Amino acid sequence: MRPTSARMSEMPGGKVYNVWWGDKNGAIKQKGITTYTISPWQTKAAPHWLKSYIFNGYRRISGEVLFFGIPMLAGYGVYTWAKSYDEWQNSKAGHLALGGEHHE
């Protein structure tokens, strides 16, 4: 059985306008394709990132304090109250005050 000419060729079809994937040889300038680049002098990785983070980060976090600060304080208050109440309840004074017996 003889392979067909399409099977033997590298690219599908006859003449195509686009170049094959990754083919840089014989790449022609195509119409309607715009290439944008950044100037090498503007490609600093992170200019002034620390100063920007300090001021902008403070502004953003201070705007969110009401949403996470108040619930965190309320949760911490409940936690400390429950911990101290549990310690008292399991102490000798707590057992006697609640009408139970204290076993040593």
Side-chain angles (χ1 to χ4, degrees):
M1 179 180 247
R2 198 174 98 192
T4 62
S5 61
R7 173 98 170 121
M8 305 267 307
S9 68
E10 293 180 14
M11 296 187 210
K15 289 243 180 200
V16 292
Y17 189 69
N18 289 340
V19 293
W20 193 242
W21 293 98
D23 183 21
K24 300 294 181 194
N25 299 334
I28 55 173
K29 181 107 171 121
Q30 298 180 4
K31 296 178 182 178
I33 296 178
T34 307
T35 304
Y36 298 97
T37 59
I38 298 176
S39 168
W41 290 277
Q42 294 180 353
T43 58
K44 294 179 184 176
H48 314 298
W49 67 269
L50 183 61
K51 181 183 73 126
S52 298
Y53 177 74
I54 289 172
F55 294 110
N56 193 32
Y58 174 75
R59 180 188 60 82
R60 291 176 65 183
I61 290 173
S62 65
E64 299 292 326
V65 163
L66 293 175
F67 297 107
F68 72 85
I70 293 172
M72 283 182 68
L73 288 175
Y76 183 73
V78 168
Y79 170 76
T80 55
W81 170 81
K83 191 170 180 181
S84 66
Y85 182 72
D86 182 57
E87 288 176 4
W88 175 78
Q89 198 174 19
N90 291 325
S91 69
K92 185 175 186 178
H95 282 247
L96 294 174
L98 294 174
E101 297 178 2
H102 181 71
H103 302 287
E104 291 187 43

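All values reported here derive from a predicted model rather than from experimental measurement.
Atom CZ of F55 is separated from atom CG of L50 by 9.5 Å, given to the nearest 0.5 angstrom.
Side-chain atoms of N90 come within 3.5 Å of backbone atoms of D86 as a donor-acceptor pair (strictly under, hydrogens ignored). Remark: the backbone N or O of W88 is paired with a side-chain donor or acceptor of S91 at under 3.5 angstrom.
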**OP:** Let me see the working for Y76 and M72 under side-chain contact (heavy atoms from CB on, under 4.5 Å), right down to the final yes or no.
**Re:** CA-CA 6 Å; Y76 183 73; M72 283 182 68; over 6 Å; no

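Y79 OH: 12 or fewer foreign heavy atoms inside a 6.0 Å radius.
Grouping the Ile, Leu, Val, Met, Phe, Trp and Tyr side chains by contacts below 4.5 angstrom, directly or via other members, places F67 apart from Y58.
Residues H95 and Q89 come closest through the heavy atom pair CD2-O, 3.2 Å.
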